[in-house]
Amino acid sequence: VVAWNTIIQALAINGDLRGAREMFDRMPFKDVISWTTMTEAYFQHCRFDQARVLLGQIPQLDVVTWTAMIVANAESGDLLSARDLFNRMPQRNVVSWTAMVSALAQAGDLIEARKLFDSMPQRNSISFNAMIVGYSQQEDLKEAKGLFDGAPEWDLVAWTALLQAQAARGKLQDAIELFDEMPQRDAVVCTAMIAAYASNGHLDEARSIFDTMHEKDAVAWTALTAAYAHAGHLEHSKTMFDSMPLQDTVVCTVMVAAYGDSGDVLAARSVFEKMPVKCTAAWNAVVQAYAQRGHMRDFRKLLARMPEHD
RNA sequence: UGAAUGGGCUUUAA
């Protein structure tokens, strides 16, 4: 059973839902892990109908299954169902509590998230982090700091979230001090620091963080590329972009927007057309480039090609 | 073997 479950999980991660389902149907014995893995796979690939059908057929749900379903519903935007599942589940552990708190916080309902957090029977540092991140995203530095100070221990997640809240509130010095005092730094927190410097107008410092990074991933490259673009240094953006090992949809969107802002709609369009997959942000950026320059004919032509828009 | 937390892009206003 363990081997089958592992294969199902691997196929699902690869996006091969059919293959996963085939294994699932063929396995001689299914345990609760098999059912949970398959159901979660459907949710994660937005096959909600099939997910719900399977969910209704699970012989027994354990606390992991319930929690996974809470997360799946919340991620699909259905917070009410998530909360309903949470209220109905027979047993809850610290993971299920934290999952629900995080779902509320991610949805921006920090009031409700805090209420639940305060009523948790047990909290661990991940529970605290979920709240810190929620407050940070709301740019509520006061509450973020309060929970940070009350957390049982601090890790990169907590530091990164607090750093972002400080940067968002213009407390660059505090962010720098926090960053300098961290016992560990990884690519994520370095990228957050790049963004912190850049959004507070310190491009050179942003650059030097980037230069000292050991493992520069696509996100770090993009952060600095976007920093130059937002500061109007199109040439620097272009240089970064051209030397990037892998140009994903996000950095392409950065360049579309950058060219659009500089008035070079042709260049914006050219980057856009070369994108193998066009995300919504890219569509918005290219459409905006045309609209801003009053190219209404092309603007309308593009709108007609957009998958969906309001 | 399955569940919870952090970084980069677009979206005229304050």
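Just so you know, these numbers come straight off a predicted model, no measurement behind them. Throughout, protein chains are lettered first and strands after them, A, B, ... in sequence-line order, and every chain is numbered starting at 1.
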Roughly how far, to the nearest 0.5 Å, is the [atom2] atom of [Y] from the [atom1] atom of [X]?
X	Y	atom1	atom2	value
A:E22	A:I7	CD	CD1	12.0 Å
A:Q57	A:T39	CD	OG1	9.0 Å
A:N129	A:L156	CG	CG	10.0 Å
A:R114	A:L147	CZ	CG	4.5 Å
A:R83	A:E112	CZ	CD	5.0 Å
A:M244	A:K216	CE	NZ	12.5 Å

Nucleic acid contacts of [range], taken as heavy-atom distances under 4.0 Å to RNA chain B:
range	result
residues 110-135 of chain A	A:N124, A:I126, A:N129, A:V133
residues 230-242 of chain A	A:H230
residues 66-85 of chain A	A:T67, A:A68, A:V71
residues 139-146 of chain A	none
residues 187-212 of chain A	A:A187, A:V188, A:V189, A:T191, A:A192

Please classify the nucleic acid contact of [X] as base, sugar-phosphate, or nothing, using heavy-atom distances under 4.0 Å.
X	value
A:V95	base
A:Q247	nothing
A:A105	nothing
A:Q292	nothing
A:T36	base
A:V32	base
A:A220	base

Presence of salt bridge, A:R169 and A:E143, under 4.0 angstrom: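 A:R169 and A:E143: not salt-bridged.
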Pair A:E235 + A:K238: basic N to acidic O under 4.0 Å: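 Not counted as a salt bridge, because no side-chain N and carboxylate O are separated by less than 4.0 Å.
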Close side-chain approach of A:D149 and A:K145, heavy atoms under 4.5 Å: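 Yes, their side chains come closer than 4.5 Å.
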Min side-chain heavy-atom separation A:V101-A:S127 under 4.5 Å: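 Result no, sub-4.5 Å side-chain heavy-atom pair not found.
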Proximity of A:F117 and A:F128 rings by center, below 6.0 Å: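 Judged by ring-centre distance (under 6.0 Å), A:F117 and A:F128 do meet the cut-off.
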Aromatic ring proximity A:F24/A:W35, centre distance under 6.0 Å: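 Here the rings of A:W35 and A:F24 have centres that are less than 6.0 Å from each other.
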Qualifying side-chain hydrogen bond (donor to acceptor under 3.5 Å, both in side chains) pairs, either residue in residues 171-190 of chain A, two or more places apart: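 side-chain hydrogen bond (donor to acceptor under 3.5 Å, both in side chains) check on residues 171-190 of chain A returns no pairs.
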Contact list for residues 190-203 of chain A, test side-chain hydrogen bond (donor to acceptor under 3.5 Å, both in side chains), sequence neighbours left out: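 Matches after skipping sequence neighbours: none remain.
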A:D84-A:S81 side chain donor-acceptor pair, cut-off 3.5 Å: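 Absent: no donor and acceptor within the cut-off.
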A:S208 and A:D211 side chains, donor-acceptor separation under 3.5 Å: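 Checked: A:D211/A:S208 side chains show no N/O donor-acceptor pair below 3.5 Å.
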Within 6.0 angstrom of A:E273 CD, more than 12 heavy atoms from elsewhere: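 Counting neighbours around CD of A:E273, more than 12 heavy atoms of other residues, nucleotides or ligands fall under 6.0 Å, so yes.
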Geometric class of the A:Y290/A:H295 ring pair [parallel <30°, tilted 30-60°, perpendicular >60°]: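 Rings of A:H295 and A:Y290: perpendicular, over 60°.
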Pairs involving residues 254-276 of chain A, ordered by first then second residue, that meet ring-ring contact (aromatic ring centres under 6.0 Å, His included) (sequence neighbours left out):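 Sorted pair list: A:F272-A:W283.
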Base-pairing string, 5' to 3', of RNA chain B - Watson-Crick or wobble, under 3.5 Å, | interstrand: ..............
For A:K278, all residues meeting salt bridge (charged side-chain N to carboxylate O under 4.0 Å, His left out), sequence neighbours excluded: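 So A:K278 forms no salt bridge (charged side-chain N to carboxylate O under 4.0 Å, His left out) with any residue.
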Nucleotides bounding contact with chain A, strand RNA chain B, heavy-atom threshold 4.0 Å: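 Using the under 4.0 Å cut-off, the span is B:U1 to B:U11.
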Sequence neighbours excluded and cut-off under 3.5 Å, please list the side-chain donor-acceptor pairs for residues 61-68 of chain A, or say none.
unit_1	atom_1	unit_2	atom_2	d
A:D62	OD1	A:V64	N	3.1
A:D62	OD1	A:T65	N	2.9
A:D62	OD1	A:T65	OG1	2.8
A:T65	OG1	A:T36	OG1	2.8
A:T65	OG1	A:D62	N	3.4
A:T67	OG1	A:V63	O	2.7

